[in-house]
Number of protein chains: 2
Amino acid sequence: MGRPTVTDIAREAGVSLATVDRVLNARPGVRAKTIAAVQEAVARLGYVRDMAAANLARGRSTRVAILLPDTESQFIQTLEDALAQAAALASSARMQVDLLRYPAADLHRLTAMLADLAAGGISGVALMAPETPLVRDALRALHAAGIPVVAMVSALPNCGAAHYVGIDSHAAGRTAGVLMGRFLGGRTPRVMVIAQSMLLRDSIERRRGFDAVMLADFPGVTVGQTLETHGVTQTLHQVMRESLRSDGPVGGIYLLGSGHRALAQVLSELGLLGQVVVIGHELTPHTISALRAGWLDAVIAQNVGHVARSTLRVLQAKADHQPINESQERLRLEIILRENLPQAL
Amino acid sequence: MGRPTVTDIAREAGVSLATVDRVLNARPGVRAKTIAAVQEAVARLGYVRDMAAANLARGRSTRVAILLPDTESQFIQTLEDALAQAAALASSARMQVDLLRYPAADLHRLTAMLADLAAGGISGVALMAPETPLVRDALRALHAAGIPVVAMVSALPNCGAAHYVGIDSHAAGRTAGVLMGRFLGGRTPRVMVIAQSMLLRDSIERRRGFDAVMLADFPGVTVGQTLETHGVTQTLHQVMRESLRSDGPVGGIYLLGSGHRALAQVLSELGLLGQVVVIGHELTPHTISALRAGWLDAVIAQNVGHVARSTLRVLQAKADHQPINESQERLRLEIILRENLPQAL
DNA sequence: TCATTTTTGAGGTACGCACATCAAAACGGC
DNA sequence: GCCGTTTTGATGTGCGTACCTCAAAAATGA
């Protein structure tokens, strides 16, 4: 005998198929006593709904939208690629994924897109976005409309019941701190922290985690304030020179966001390439080659493939009104050295 | 319009449903020209078989067996738990998993079990086993019978076309080496390597990877030969005392396999707990508490949850004669510090 | 050209479930 | 016990695919 089916449940509970169907799908018109009897039979036989057959019968192909900023960051591109790949696979499980980009500088446009989606009868939305009041309101509206929302990579608390798929940024910063502290060894106990900007929630949290560990576990190390580059190599060069001049040499550099390529260039110009410990975030073609080259010592990352698949699974589960397997969806914070670089991206 | 179905293919190719069915399922009695026409239509419409409906129609519930040694290791237990959990989830996708244990000391029994399974009409086998001629022959027989085999955690090359699910042990050893070298800092540049036994393939490979890195990147560090404990705390105590007496103090200890609890006890007795850098393998309740306690500095691990799910996915794909998504199945080698310990196991 | 074989078409049933309809039964109030 | 309401049963259809049978058509060989 294989798995029990609705027919088995009906026989076991002494009711008809129609009644079992009503109970399983929470349709009205069933006495509480009968509901209990059916549920008892379900429990006794260990019945689990065959979601494949159920969705097949529903003829429903879940349709979801995923929104990413149009930033020209390698990480965003990597994430989009992963999402596209996961979406291709998901299509064989009757799920259609619309990958969209919104102008990072125009959040009004983002909210407009979200409104359109809500009107267009989408069954779920995932996005990576900054947490502004504008965005928050738009997401709350989606939630009110019964459309599940998933926040990727950067958390969006207080935005309805948005599920977060991504790593704990504070822990990521702490991990970067421990590695920095231990890798410094006998080098100059001074660390420079560099970021493109401090507007994004995850950068702020990373910095906080980093500081917490440095303060507690490596009190002998001086950590400078965050140098913002705004993505301009020239600025990076300038602020680094200035910092080196005013505060003296450094033994380590912590790169909060992207900008590895520019950093390599400037470090090379300053004759520091390979001389200082550098710790960064996220696995992209740039960071991979930097790790291989040896001037980048460690990267704290999240597996974008897992982010993508988890996002789709969560959206699917929410659309099916099914519980989410938390332990499966919990993302690991990964430490990548040259030695454990994935063979292929 | 949703996804194309067999009916669409039939219309597009100008043939009947029956012919499409024959082509898709590689049934005989179709001209090469007709096959090409159907395949062309499949390609043009971007048809992907709905595996849910296909398996539903087949009425087939894939049944696989998973064999683990009956060793009382926390890692094996953790792995079994993960497999059981994954199996529970897989059951809702019409797959039945039989979790079996074989006596680690009696490989004849293992081969007998494998033979029984082959006779019992199983559609796939996954196992974690040493690579002996006996096992190799049994697996080759399975392969000859058309039953796919998956090796978990410890690779089984030359055993038919067994798929390997697990991390690269050599890379794991290399990673342990890098961390050891960098974490040693100003400590005594001497490292002790401890193992329960060196019979298992992965222990040997780890040791090799570790040595390679130490030799190349940290030539100032002396690495002792592997001390075998055979799982006896008494022996561990003895060999460690002896090594310390004859070769002097150590700054680090590399634990190749399990035995973290015993090591904690002995280190504590020797007054070395927390004084030396300790690097180990695999995430288990013991290693987790050791990381939390602070005397274990890093663990090189593979995510048992991923091992379990990947194993089941590979078995499912092989049973369905479907290609395996290599990039999804590639396991990451994880570095775990206290800072990035998963919140819950 | 005819007989034979190969290839194709048409149609049905089944898988496990969702969803709809209509009639029958049980229940409730009075 | 009557009536109206609520609850239940019986039955049907469809989702996309697999697999089966039988007949018709086409290709092949002599």
Side-chain angles (χ1 to χ4, degrees), chain A residues 1-39 41-42 45-62 91-96 123 319-322, chain B residues 1-39 41-42 45-62 91-96 123 319-322:
Chain A
M1 269 287 292
R3 300 169 48 199
T5 71
V6 274
T7 316
D8 299 321
I9 301 298
R11 192 177 354 90
E12 184 77 10
V15 298
S16 73
L17 270 179
T19 302
V20 172
D21 177 69
R22 287 178 186 115
V23 174
L24 289 182
N25 293 292
R27 276 183 253 279
V30 187
R31 268 185 307 175
K33 218 176 76 182
T34 315
I35 294 183
V38 171
Q39 285 173 339
V42 165
L45 296 187
Y47 169 82
V48 248
R49 192 200 300 250
D50 183 333
M51 283 311 292
N55 283 335
L56 176 60
R58 284 195 183 97
R60 170 213 297 173
S61 59
T62 323
S91 80
S92 79
R94 44 195 349 91
M95 172 178 234
Q96 194 192 329
S123 53
D320 289 347
H321 295 288
Q322 280 221 315
Chain B
M1 270 285 293
R3 301 168 49 199
T5 72
V6 274
T7 316
D8 299 322
I9 302 298
R11 188 173 1 86
E12 184 78 9
V15 298
S16 72
L17 267 179
T19 301
V20 172
D21 177 68
R22 287 179 187 114
V23 173
L24 289 182
N25 295 291
R27 276 184 253 279
V30 186
R31 268 185 306 172
K33 217 176 75 180
T34 314
I35 294 182
V38 172
Q39 285 172 340
V42 165
L45 296 187
Y47 169 82
V48 247
R49 193 198 299 250
D50 184 332
M51 284 310 292
N55 284 333
L56 174 60
R58 284 198 183 94
R60 169 215 296 174
S61 57
T62 322
S91 80
S92 79
R94 44 193 349 91
M95 173 179 234
Q96 194 192 330
S123 54
D320 289 348
H321 295 288
Q322 281 222 313

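Note that the structure is predicted; figures quoted are calculated from it, not measured. Naming convention: chains lettered A, B, ... in sequence-line order (proteins, then strands); numbering from 1 in each chain.
The nearest whole Å value for the distance from the CZ atom in A/R11 to the P atom in D/dA10 is 14 Å. Nucleotide C/dG16 holds its C1' atom 15 Å from the CG atom of A/L45, rounded to whole Å.
Here the shortest heavy-atom pairing between A/P4 and A/L45 reads CG-O, 3.5 Å. Residue A/Y47 comes nearest to A/I9 through the heavy atom pair CB-CD1, 3.4 Å, listed as atom of the first residue, atom of the second, then distance.
Remark: B/A37 engages no residue in a side chain to side chain contact (heavy atoms under 4.5 Å, CB included) (not counting sequence neighbours). Qualifying side chain to side chain contact (heavy atoms under 4.5 Å, CB included) partners for A/L17, counting only residues two or more places apart in sequence or in other chains: A/V6, A/T7, A/A10. Residues that satisfy the side chain to side chain contact (heavy atoms under 4.5 Å, CB included) test with A/I35, not counting sequence neighbours, are A/V23, A/V30, A/Q39.
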What are the atom names and distances for every N/O pair under 3.5 Å that joins the protein to nucleotides 4-6 of chain C?
none

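Near DNA chain C, meaning a heavy atom under 4.0 Å from it, residues 13-21 of chain A has A/D21 in order of number.
When the nucleotides D/dG16, D/dA18, C/dA18 are ranked by their closest atom to the side chain of B/T5, D/dG16 comes out on top. For A/V30, whose side chain is taken as the heavy atoms from C-beta onward, the closest listed nucleotide among C/dC17, D/dT8, D/dT17 is D/dT8. Here D/dT8 is the nucleotide among C/dA18, D/dT8, C/dG16 with the atom lying nearest to any side-chain atom of A/T34.
Along DNA chain D, the nucleotide closest to B/R22 and the one closest to B/Y47 are compared, and the more 5′ of them pairs with B/Y47. Of the residues near DNA chain C, A/N25 and A/K33, the one whose nearest nucleotide (by heavy atom distance) lies more toward the 5' end is A/N25.
Applying the side chain to side chain donor-acceptor pair (under 3.5 Å) definition to pairs two or more places apart or across chains, those involving residues 13-25 of chain A are A/S16-A/T19, A/D21-A/N25, A/D21-A/R27, A/N25-A/R49.
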